[in-house]
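Presented below is the structure to which this report refers.
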Number of protein chains: 2
Amino acid sequence: MRVIRGKSGTNQEGTSAHNRRVMIDALRLNGKLSRADLARASGLTKQTVSNIIDDLEQDGLVVSLAAVRNGRGQPSTPYRLVPEGAFAIGLQIDRHVTRVIAVNLVGTVLVRAEANLPPGGPAKGVRVILDLIRQVRIELAGVAEHSEERLVGLCVAMPGPFGLAPDNDDQWMMAAWQSFPLLETLAAGTGLEVALQNDAAACATAERMVGAAHGVDHAICLYLGYGIGAGLILNGELYAGGNGNAGEIGMALLPPSAGRPERSPLEHRASLASLYQHLNADPADPKLHDRLNTLVSNADPAVASWIDAAAEELRWGVQLIETIFDPQTVILCSSAPEALTRRIFDAIHPLLPSIADRRGRALPRLQLGMTDPWSVALGAAAEPISRAFDPRFSAILKTRASAGGW
Amino acid sequence: MRVIRGKSGTNQEGTSAHNRRVMIDALRLNGKLSRADLARASGLTKQTVSNIIDDLEQDGLVVSLAAVRNGRGQPSTPYRLVPEGAFAIGLQIDRHVTRVIAVNLVGTVLVRAEANLPPGGPAKGVRVILDLIRQVRIELAGVAEHSEERLVGLCVAMPGPFGLAPDNDDQWMMAAWQSFPLLETLAAGTGLEVALQNDAAACATAERMVGAAHGVDHAICLYLGYGIGAGLILNGELYAGGNGNAGEIGMALLPPSAGRPERSPLEHRASLASLYQHLNADPADPKLHDRLNTLVSNADPAVASWIDAAAEELRWGVQLIETIFDPQTVILCSSAPEALTRRIFDAIHPLLPSIADRRGRALPRLQLGMTDPWSVALGAAAEPISRAFDPRFSAILKTRASAGGW
DNA sequence: TAATTAAGTCAATTGATTTGACTTATTTCT
DNA sequence: AGAAATAAGTCAAATCAATTGACTTAATTA
């Protein structure tokens with residue numbers, strides 16, 4: 001059959017779905033709002049808002065609070081989101097460990113669990129993961145009623161890039177995970193909708209739901225993990241690129257510079273991998289996090305020299321990101337200990353001049369984001385919530401599968 | 001009054017507007033389609049498509065062609081866009097000249113006019129511009145009936161970045177234009193809706209409507225003009241950033257490299273400004289374009305050495321763009337003579353390895369785009385057409401102003 | 001106490017999409 | 001040649017989310 005290119009249409013269902021999402025989004029951003037407030041915020045009529053809020057209340061997604069007098073006129077009844085209205089599971093697969101988190105509608109972490117990934121590759125690892133997920137779901141059911149019915153999905157976060165030939169020099173066998181049918185296996189094993197993000201994107205998702213990017217429509221999350229990547233919030237949505245690899249700036253080649261005659265990827269100069277190499281540390285050492293903490297608080301000179309070198313690259317990276325994306329803010333996140341991340345953050349300053357250097361900025365050019373080792377898993381958990389409840393273009397459109405009646 | 005944050009809702013009007021846009025988009029992409037084809041492409045029912053197409057035919061935006069037999073079943077009646085269904089004006093303001101173009105619904109250029117900008121700044125210049133626009137509209141009315149009723153808007157393209165303090169070392173007084181209330185003056189002087197884009201964005205808009213980015217949802221246009229910038233097509237829409245300055249990569253600071261001990265902006269190394277400086281040429285010289293052409297065809301060594309140096313920076317730039325955006329393709333555009341642009345294009349190759357280096361690519365990693373000096377003006381003219389007829393999220397949403405009935 | 005203001009509801013209307021049956025025109029099978 | 005199958009497209013009624021305008025309720029202000 002001839003392929004016809006074109007975008008999808010929409011109908012009343014799409015309209016209604018969008019308006020529900022708009023209500024939830026407004027409540028998430030403003031905490032609590034009356035029906036009249038929601039009508040003003042959305043541009044919809046009071047009546048429409050009333051209908052939608054009634055629905056959402058029925059669905060257990062919002063509840064009313066005590067009426068408040070706001071001066072003249074009938075007191076308004078504010079509504080807020082019900083945290084227990086929905087749940088999602090986030091899974092992080094890292095080189096040595098895997099983490100699973102359960103969150104609720106407002107992004108509160110309810111359950112977390114961690115396990116070491118056994119040697120033997122994905123086939124064995126996925127069994128550990130499925131067990132961990134099962135365990136988290138059971139625990140979740142213990143602390144939250146109806147959690148199973150209200151589970152909206154699962155998202156996996158792991159280092160990218162995705163879908164490339166596994167010819168890169170990745171000694172941590174993440175490449176093996178790339179060729180393993182992970183999403184299918186997880187979908188079958190959990191019965192949930194499964195999504196995939198790289199770790200920087202997950203970090204951005206977390207910052208958007210409960211962090212520094214909350215309510216910000218244009219923000220870039222610079223995530224310093226084992227590698228380095230950027231999570232792109234553009235027009236209020238995570239941008240994934242043509243093949244899901246947008247923001248993988250660790251692979252950006254830097255021009256030769258003083259002392260480095262070769263072009264080399266940013267990842268080799270500014271990433272925790274480069275720090276470990278600089279320190280001759282074993283990345284698989286479970287006590288590494290604590291050891292790093294100690295080194296930082298002791299002002300270890302080897303760490304300090306790495307920080308200075310990395311901060312110089314990152315200072316440049318921030319300027320580049322500002323120049324390319326013109327975001328409202330850039331957020332520095334890391335899986336490194338908070339003290340170390342803060343040291344790096346400080347060392348990046350003063351920032352280079354850029355187009356972001358404008359008067360009357362509402363947000364700082366660079367902010368410190370989450371430094372919790374769990375933040376990537378949290379972001380993964382936030383993704384299904386966002387997919388299910390945030391206003392987005394794709395949520396309005398008809399899906400091809402559901403089209404009938406030709 | 002308390003400010004409530006939140007997104008806009010939608011209703012049947014939004015649905016209908018979107019579906020009309022989807023039909024137009026599908027016809028633009030596929031050339032001609034029957035009602036049944038459109039139903040399949042959009043996921044809407046045949047009946048809905050029939051209603052919309054009837055409307056569009058009434059509005060003079062589509063026409064039917066002769067029925068065609070496609071095998072079994074009743075022959076289908078294809079429809080196509082009517083080029084004369086809408087018109088738009090594009091205005092380019094450059095350092096020395098201003099150009100005005102009129103296009104129709106399918107992006108065909110109908111009228112073009114050019115004038116030198118007089119010394120004396122924007123106040124004088126804007127009078128020249130308004131005269132030029134008036135002249136183009138009169139000429140357009142001569143070659144296209146009902147052009148005035150069907151004029152959907154005006155877009156201005158000029159070098160960015162916009163909205164910054166005019167403290168930069170811009171000797172061509174583009175800074176003066178920044179502080180001048182240009183859009184308001186043009187809106188009042190023409191009675192049209194006026195939009196603004198930087199020149200790289202305009203170039204991308206042109207490539208998307210009639211060039212290499214036609215029907216491509218993720219493409220980056222690298223525009224080599226007096227400065228250098230990138231036009232970002234993300235998710236099928238032009239991305240402007242938080243303040244309309246996304247893609248202004250000319251201001252990206254490059255690390256020091258061999259022979260350049262200082263950080264310097266990309267613009268100083270790879271832009272026509274840098275070429276003019278290298279050649280000791282006067283950018284205001286009206287014969288410069290022709291002279292450059294001659295130099296290129298004579299294999300002038302000064303030009304060749306500049307090309308090599310610039311290509312090295314651009315090769316890096318392409319790799320960076322691929323790494324950051326993960327686009328389906330990168331398009332090299334320029335206001336330089338085609339021969340020169342082609343030489344640069346060739347000199348950029350071979351490209352650096354990147355995540356774009358994947359098997360089974362549908363599009364080349366780097367393509368040569370428009371090299372017409374008029375392409376920025378064309379892109380500006382394409383913007384109102386795109387704004388009026390392309391499917392986009394914002395077109396679905398209610399505008400706050402139109403909300404009533406609280 | 002009456003007027004004003006604002007939140008929220010009620011019941012009827014609107015209007016784009018959907019549904020399912022139908023007509024028309026062509027090819028393919030017998 | 002005739003019947004069956006297939007596909008395009010229309011007709012008329014139904015659906016359903018948003019809208020409209022009048023109304024009720026409950027507070028403040030004059």
Side-chain angles (χ1 to χ4, degrees), chain A residues 1-2 4 8-23 32-57 64-79 396-399 402-406, chain B residues 1-2 4 8-23 32-57 64-79 396-399 402-406:
Chain A
M1 201 216 289
R2 186 166 60 107
I4 303 171
S8 192
T10 185
N11 56 17
Q12 279 193 347
E13 259 181 78
T15 300
S16 166
H18 172 70
N19 288 345
R20 277 175 65 108
R21 284 166 183 259
V22 166
M23 300 294 122
K32 56 189 183 209
L33 292 174
S34 69
R35 298 177 181 213
D37 288 336
L38 285 163
R40 275 186 292 265
S42 65
L44 297 168
T45 61
K46 285 187 299 179
Q47 186 58 60
T48 300
V49 170
S50 259
N51 296 339
I52 297 172
I53 290 295
D54 285 345
D55 271 14
L56 292 175
E57 196 166 18
S64 60
L65 303 169
V68 292
R69 290 185 294 273
N70 322 291
R72 268 191 196 190
Q74 178 171 321
S76 60
T77 307
Y79 284 77
I396 293 184
L397 309 182
K398 296 185 70 159
T399 54
S402 77
W406 296 340
Chain B
M1 204 216 284
R2 186 165 60 107
I4 303 171
S8 193
T10 185
N11 56 16
Q12 280 193 345
E13 259 181 78
T15 301
S16 165
H18 172 70
N19 288 344
R20 278 175 66 109
R21 285 167 183 259
V22 166
M23 299 295 121
K32 58 190 182 206
L33 292 173
S34 69
R35 297 177 182 214
D37 289 335
L38 285 164
R40 275 186 292 265
S42 64
L44 297 168
T45 61
K46 285 188 300 181
Q47 185 57 59
T48 300
V49 170
S50 258
N51 297 339
I52 297 172
I53 291 295
D54 284 346
D55 271 14
L56 291 175
E57 196 165 19
S64 60
L65 304 169
V68 292
R69 291 185 295 273
N70 326 288
R72 257 186 207 197
Q74 176 170 323
S76 60
T77 308
Y79 284 77
I396 294 185
L397 309 182
K398 297 186 67 158
T399 55
S402 78
W406 295 342

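Here is how names work: the chains are called A, B, and so on, in the same order as the sequence lines, proteins then strands, and each is numbered from 1. Side chains included, hydrogens not; waters and symmetry mates left out as well; all remaining heavy atoms used.
- Going from atom NZ of Lys46(A) over to atom P of dA22(D) covers 13 Å, rounded to whole Å.
- The side chain of Leu44(B) approaches dT18(C) more closely than any other nucleotide in the set dA16(C), dT6(D), dT18(C).
- We find that CD1 of Ile53(B) is positioned 15 Å from C1' of dT10(D), with the value rounded to whole Å.
- Looking at the side chain of Gln47(B), the nearest of the listed nucleotides dA27(D), dT19(D), dT18(C) is dT18(C).
- The minimum heavy-atom distance linking Val68(A) with Pro78(A) is given by the pair CG2-CG, 4.2 Å.
- The side chain of Gln74(B) lies closest to dA8(D), out of dT6(D), dA8(D), dT28(D).
- Under the side chain to side chain donor-acceptor pair (under 3.5 Å) rule, Thr15(A) has a single partner from Thr10(B), Thr15(B), Asn11(B), which is Thr15(B).
- Ranking dA27(D), dA16(C), dG9(D) by closeness to the Pro75(A) side chain, first place goes to dA27(D).
- Positionally, the nearest nucleotide of DNA chain D for Asn51(A) lies more toward the 5' end than for the other of Asn51(A) and Gly73(A).
- Here the nucleotide nearest the side chain of Arg72(A), chosen from dT10(D), dT4(C), dT27(C), is dT4(C).
- At distances below 3.5 Å, at least one donor-acceptor pair connects side-chain atoms of Ser8(B) with backbone N or O atoms of Lys398(B).
- With rounding to whole Å, Ile4(B) atom CD1 is found 13 Å from dA6(C) atom C1'.
- A donor atom on one side chain and an acceptor atom on the other are found under 3.5 Å apart for Asp37(A) and Ser34(A).
- Going from atom CZ of Arg69(A) over to atom C1' of dT5(C) covers 16 Å, rounded to whole Å.
- Listed pair Lys398(A) / dT18(C) meets the phosphate criterion, a side-chain N or O lying under 4.0 Å from OP1 or OP2.
- Leu38(B) has its CG atom 18 Å from the P atom of dA7(D), to the nearest Å.
- Residue Asn19(B) comes nearest to Gly9(A) through the heavy atom pair OD1-CA, 3.2 Å, listed as atom of the first residue, atom of the second, then distance.
- Distances shorter than 4.0 Å separate none of the side-chain N or O atoms of Thr45(A) from OP1 or OP2 on dT20(D).
- Taking atom CD on Glu57(B) and atom P on dG9(D), their separation rounds to 12 Å, with Å as the unit.
- With distances taken from any side-chain atom of Thr77(B) to the nucleotides dG8(C), dG9(D), dA16(C), the minimum falls on dG9(D).
- Following rounding to the nearest Å, Glu13(B) (CD) and dT17(C) (C1') show an atom-to-atom distance of 15 Å.
- For Asn70(B) and dA8(D), the CG to P distance is 7 Å, given to the nearest whole Å.
- Using a 4.0 Å heavy-atom distance criterion, Thr48(A) is classed as a base contact.
- Between Ile52(A) and Ala36(B), the residue anchored nearer the 5' end of DNA chain D, judged by the nucleotide with its closest heavy atom, is Ala36(B).
- Closest to the Arg35(B) side chain, of the nucleotides dT18(C), dA17(D), dT10(D), is dT10(D).
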